[in-house]
Engineer: 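Questions regarding the structure given below will be posed in turn.
One is the number of the first residue; the rest follow in order along the sequence.
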Amino acid sequence: MALRKGIALVPREERAAVLMSVAEPLRDMLSVEGLLAPETAAGVREATEECLRTATV
């Protein structure tokens, strides 16, 4: 997955802050009903989950 490759490029000591700064706006977009097509929302949800999971490791 390209997202994991991008995450690996972020220095470990900065990773949590960077990933949270990416995940929060994505979560905001998901909170607006009907803003994204279902397929797009599923991809954004998956990316958000990956960012949050990796930020907390």
Side-chain angles (χ1 to χ4, degrees):
M1 171 185 246
L3 179 59
R4 289 188 187 126
K5 288 180 181 180
I7 289 171
L9 296 174
V10 179
R12 189 170 295 281
E13 62 275 3
E14 298 174 21
R15 201 166 286 168
V18 169
L19 293 176
M20 292 305 291
S21 73
V22 170
E24 289 303 321
L26 295 176
R27 289 170 88 182
D28 290 344
M29 287 191 337
L30 289 171
S31 71
V32 178
E33 188 70 34
L35 179 65
L36 302 173
E39 302 84 18
T40 304
V44 169
R45 195 171 293 106
E46 182 179 329
T48 302
E49 290 168 2
E50 182 66 24
C51 286
L52 294 173
R53 181 175 31 258
T54 305
T56 58
V57 171

Engineer: Is T54 reaching over with its side chain to a backbone N or O of C51, donor-acceptor style, under 3.5 angstrom?
Structural biologist: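 Judged by distance alone, no pair lies under 3.5 Å.
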
Engineer: Sequence neighbours left out, what passes side-chain hydrogen bond (donor to acceptor under 3.5 Å, both in side chains) with R45? Give chain and number order.
Structural biologist: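 R45: no side-chain hydrogen bond (donor to acceptor under 3.5 Å, both in side chains) contacts found.
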
Engineer: Within a strict 4.5 Å, meaning less than it, do heavy atoms of the L52 and T56 side chains meet?
Structural biologist: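 Counting from C-beta outward, L52 and T56 never come under 4.5 Å.
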
Engineer: With a cutoff of under 4.5 Å between side-chain heavy atoms, which Ile, Leu, Val, Met, Phe, Trp and Tyr residues group with L35?
Structural biologist: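 For the cluster that includes L35, the remaining residues are V22, L26, M29, L30, V32, L36, V44.
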
Engineer: Holding to side-chain hydrogen bond (donor to acceptor under 3.5 Å, both in side chains), I want the full list of residues that pass it with T48, two or more places apart in sequence or in another chain.
Structural biologist: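 By the side-chain hydrogen bond (donor to acceptor under 3.5 Å, both in side chains) rule, T48 matches no residue at all.
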
Engineer: Excluding sequence neighbours, so at least two apart, what forms side-chain contact (heavy atoms from CB on, under 4.5 Å) with P25?
Structural biologist: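 If we apply the side-chain contact (heavy atoms from CB on, under 4.5 Å) test to P25, skipping adjacent residues, there are no hits.
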
Engineer: Other than V18, what residues sit in its cluster of Ile, Leu, Val, Met, Phe, Trp and Tyr side chains whose heavy atoms are under 4.5 Å apart, directly or through others?
Structural biologist: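 Listed partners: V10.
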
Engineer: Any chance you could measure I7, atom CD1, to E50, atom CD, to the nearest 0.5 Å?
Structural biologist: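 Reported value, rounded in 0.5 Å steps: 5.0 Å.
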
Engineer: Provide the full list of side chain to side chain donor-acceptor pair (under 3.5 Å) pairs with a residue in residues 25-42, sequence neighbours left out, each pair given once.
Structural biologist: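 Found E24-R27.
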
Engineer: Would you give the length of the straight line joining atom CZ of R15 to atom CZ of R12, rounded to the nearest 0.5 angstrom?
Structural biologist: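 Reported value, rounded in 0.5 Å steps: 4.5 Å.
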
